[in-house]
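Quick note: numbers below take in every heavy atom, side chains included, and nothing from hydrogens, waters or symmetry partners. Just so it is clear: chains get the letters A, B, ... in the order the sequence lines come, proteins before strands, and each one is counted from 1.
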Amino acid sequence: QKEVEQDPGPLSVPEGAIVSLNCTYSNSAFQYFMWYRQYSRKGPELLMYTYSSGNKEDGRFTAQVDKSSKYISLFIRDSQPSDSATYLCAMSAINDMRFGAGTRLTVKP
Amino acid sequence: GAVVSQHPSRVICKSGTSVKIECRSLDFQATTMFWYRQFPKQSLMLMATSNEGSKATYEQGVEKDKFLINHASLTLSTLTVTSAHPEDSSFYICSASIGSEQFFGPGTRLTVL
């Protein structure tokens with residue numbers, strides 16, 4: 001079993017749709033949870049960073065962490081074509097960071 | 001936000017040559033930098049963790065004599081791919097940490113002919 005599981009997609013939605021991206025993990029030592037967005041041939045950029053269970057909102061993005069279920073989510077509201085990218089979940093303990101496989105998202109105009 | 005740069009962004013080299021990739025934290029000091037490799041349509045794979053002034057810690061399966069890492073200062077880490085072969089062709093990405101957050105460079109695409 002991989003430490004971090006993420007459905008690679010691809011996921012295609014119409015503009016304006018709500019997108020839900022998810023990851024599960026097995027290592028209960030993970031304390032920090034991140035979502036990165038990666039455009040083609042670019043390095044990942046940090047979107048959201050959370051520590052505790054619960055929700056964190058930033059504009060159209062909401063990150064949700066459920067430590068009891070070892071499950072994290074990223075919601076994108078009112079999705080835009082510019083949101084088309086690969087979204088990577090990541091989680092870390094001290095000096096140990098693991099990434100999901102990434103979900104390729106396409107938002108169609 | 002914190003900015004990490006990489007140079008070069010793209011390199012094409014002949015098999016058997018060595019290639020050096022630089023990773024710099026531009027507006028902060030990073031005691032720890034990470035090197036990742038990413039194959040097409042795959043996730044980031046951690047290669048090594050680089051701490052300033054000490055030897056890098058390599059992940060299992062990564063040859064330390066092939067992938068030389070030097071973290072000479074708090075703002076610069078270099079990765080040298082020695083005697084590169086076509087199977088080393090990949091996207092190499094560095095990141096630098098501030099506390100528990102990591103900030104990624106733009107990546108270097110290496111193509112070995």
Any heavy-atom pair between the side chains of A:K70 and A:F30 that's under 4.5 Å? no
Who among B:L44, B:T57, B:T108, B:I93 has the most heavy-atom pairs with chain A under 4.5 Å? B:L44
Option in A:P8, A:A101, A:G102 with maximal non-hydrogen atom pairs under 4.5 Å from chain B: A:A101
Please classify the contact of A:Y36 with chain B as side chain, backbone, both or neither, using a heavy-atom distance under 4.5 Å. side chain
Could A:K67 and A:Y51 be counted as a cation-pi pair, given that NZ or CZ must be under 6.0 Å from the ring centre and within 45° of the axis? yes
Do the side chains of A:C89 and A:V4 get nearer than 4.5 Å, heavy atoms only? yes
When hydrophobic residues are tied together by side-chain contacts of less than 4.5 Å, even through go-betweens, does B:F91 share a cluster with B:L110? no
Using a cut-off of under 4.5 Å for heavy-atom pairs, which of A:G100, A:S40, A:A90 has the most such pairs with chain B? A:G100
Counting only heavy atoms closer than 4.5 Å, note whether A:E45 contacts chain B via side chain, backbone, both or neither. neither
A:R104 atom CZ, over 12 foreign heavy atoms within 6.0 Å: no
Heavy-atom pair count under 4.5 Å with chain B, highest-scoring of A:Q6, A:R98, A:Q38: A:Q38
Using a cut-off of 6.0 Å, state whether more than 12 heavy atoms not belonging to B:K20 lie near its atom NZ. no
Under 4.5 Å heavy-atom distance to chain A, tell me which part of B:Q38 shows up: side chain, backbone, both or neither. side chain
